[in-house]
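Counting starts at 1 for both ligands and their atoms, in listed order. Heavy atoms only: backbone and side chains are in, while hydrogens, waters and symmetry mates are out.
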Amino acid sequence: VDLPLEPHERAFRDELLAWLEHAPVPPGLRDYGATPTADDVEPAKAWQRTLYEGGWAGIGWPVEHGGRGASVVEEAIFAEELARARLPRQLNLVGFDLAGPMIIRYGTEEQRSRFLPRILTGQDVWSQLFSEPDAGSDLAGLRTAATRTGEAWCVSGQKVWTSGAHYSDYGLLLARTGGGERHRGITCFVLPMRSEGIDARPIEQMDGESKFNEVFLDGVTIPDELVLGEVNAGWIVAMSTLGRERRTLGAHAVQYFAHLDELRGEIVARGLGVEVRDRWAELWWRVRGLRLTWLRELSGGADGSEPRMSLLKLLSTEIQRDLTILATEVLGADLVAGDAYPEWRHRLLAAPGASIAGGTSEIQRSIIAERVLGLPRR
Ligand SMILES: Cc1cc2nc3c(=O)[nH]c(=O)nc-3n(C[C@H](O)[C@H](O)[C@H](O)COP(=O)(O)OP(=O)(O)OC[C@H]3O[C@@H](n4cnc5c(N)ncnc54)[C@H](O)[C@@H]3O)c2cc1C
């Protein structure tokens, strides 16, 4: 089964494949996922520049803002082909799927011309400062506060799990600016990450990488012109583009099929029995189910914001987890002894994070129960 492509979509794919064949891949570039590590940043920026020069930067953004105005199906084709080529499809998730679309929708003309071109060319890296120690799933409970002082704002508080804060140029910051109803008193700011009073401390993850940070904000000054959208309307600004990355979730199936192929080779070479083979086959069907569900949503006109897309997030991250569990059974002690399987070791340790980032599995289940199936709220 393939994407049911219209002629113009087939032409889009052919153009992309022809470009990919000759695209200069910078030395040291690897498929690092949604966020580069500090070591990945230089090759990632060079790759973003290459994408830009080839006309493949921010493809889903409107043409008048430097994108290609690509449809959801074209974005899906792009994500799948880049996954197949084992290349990142953009510098990072936040700049392209969050900051850019939020600035396009809510930014002033000055903000758009100042920030958008530099995101597209990879000159600026962006991060997202939403979560706090006591505000993750319950984001509206955030306590970082911004108070107005003349023409500027003074911000103090703490953020956590901020991917890429240690090398970012700008951050999207949510801070409390008003009392009253929890969702209403929040404002979204563009935070220049090298401002005085910001201390970003990388957190070492269990997979050995340090992609995210604790960020301490101590009397940081933000000029008034960096408020994004209306004061006290930051919740609407922040929520307006959440879920955009879900349009490309099904593209993970390409990777999962490749991982299944690797495991099949091991199962055969090790002469493993029917029990493991059955589990392998079950996973294969689930990956196929993920891809088909994704295709059905896209061809039905989904844009990523629908509650139904929670099902894709859940399916994808559970497959990711179960693939690594199967790998522990297939590879046994070889997974940890010696250095024959570093990639599987990394996948095993990275899988739990995927089921937390962007909304935990429990939260996805609640969304499916209440907003898709219409079950009563507890
Ligand atoms: C790899 C990774 C990258 C991240 N990058 C960023 C980033 O760049 N910027 C950023 O702002 N944040 C980032 N995050 C943070 C992420 O958004 C939060 O971890 C996530 O929203 C969960 O919040 P929490 O960690 O505070 O857990 P909590 O919300 O405290 O949840 C703890 C547990 O309770 C469960 N739970 C909570 N509420 C409910 C409920 N109502 N019903 C049922 N169960 C519930 C959860 O499912 C979870 O199992 C990242 C996280 C990860 C793992």
Checklist outcome for this item: When distances are taken from atom 36 (N) of ligand 1, the protein heavy atom at minimum range is Ser137 OG, 4.4 Å
Checklist entry - Ion pair present between Arg84 and Glu81, side-chain N to carboxylate O less than 4.0 angstrom? => result yes
Checklist entry - Which ligand 1 atoms does Gly353 reach within 4.0 Å, using its non-hydrogen atoms? => result 53 (C)
Checklist outcome for this item: Nearest heavy atom to atom 20 (C) of ligand 1, choosing from Ile363, Ile356, Asp138, belongs to Ile356
Next on the checklist: Between Arg89 and Asp97, does any NZ, NE, NH1 or NH2 come within less than 4.0 Å of an OD or OE carboxylate oxygen?
Outcome noted: yes
Item to check | Identity and distance of the protein heavy atom lying nearest atom 16 (C) of ligand 1 | outcome: Ser131 OG, 3.8 Å
Next on the checklist: Any side-chain to backbone donor/acceptor pair from Ser316 onto Lys313? Under 3.5 Å, distance only.
Outcome noted: no
Checklist entry - Can you tell me which residue and heavy atom of the protein come closest to atom 7 (C) of ligand 1, and the distance to 0.1 Å? => result Trp161 O, 3.0 Å
Item to check | Heavy-atom protein neighbour under 4.0 angstrom from atom 30 (O) of ligand 1 | outcome: no
Next on the checklist: Taking 4.0 angstrom as the limit and counting only heavy atoms of Phe130, give me the atoms of ligand 1 inside it, by number and element.
Outcome noted: 11 (O)
Checklist entry - Which heavy atom of the protein is the closest neighbour of atom 3 (C) of ligand 1, given with residue, atom name and distance? => result Ser163 OG, 3.5 Å
Checklist entry - Should Leu129 and Ile186 be regarded as members of a common hydrophobic cluster, given that ILVMFWY residues are connected when their side-chain heavy atoms come within less than 4.5 Å of each other, either directly or indirectly? => result yes
Next on the checklist: Tell me whether Asp138 is salt-bridged to Arg182, with the criterion being a basic N under 4.0 Å from an acidic carboxylate O.
Outcome noted: yes
Next on the checklist: Salt bridge check, Arg308 against Glu297: does any charged N sit closer than 4.0 Å to a carboxylate O?
Outcome noted: yes
Checklist outcome for this item: The atoms of ligand 1 lying under 4.0 Å from a heavy atom of Thr360, numbered in the order shown, are 22 (C), 46 (C), 47 (O)
Next on the checklist: Using 30° and 60° as the class boundaries, would you call the ring planes of Phe78 and Trp56 parallel, tilted or perpendicular?
Outcome noted: parallel
Checklist entry - So which heavy atom in the protein is nearest atom 52 (C) of ligand 1, and how far is it from that ligand atom? => result Ala357 CB, 3.5 Å
Item to check | Per-atom contact, atom 33 (C) of ligand 1, protein heavy atoms, under 4.0 angstrom | outcome: no
Checklist entry - Parallel, tilted or perpendicular: which describes the rings of His259 and Trp344, with under 30° parallel and over 60° perpendicular? => result perpendicular
Next on the checklist: Could you identify the single nearest non-hydrogen protein atom to atom 21 (O) of ligand 1 and state the distance to 0.1 Å?
Outcome noted: Gly136 C, 3.6 Å
Next on the checklist: Looking only at protein heavy atoms, which one is nearest to atom 49 (O) of ligand 1, and what is the separation?
Outcome noted: Glu362 OE1, 3.4 Å
Next on the checklist: What protein heavy atom lies closest to atom 1 (C) of ligand 1? Include the residue and the distance to one decimal.
Outcome noted: Phe212 CE2, 3.7 Å
Item to check | Sidechain N-carboxylate O distance under 4.0 Å for Arg347, Asp207 | outcome: no
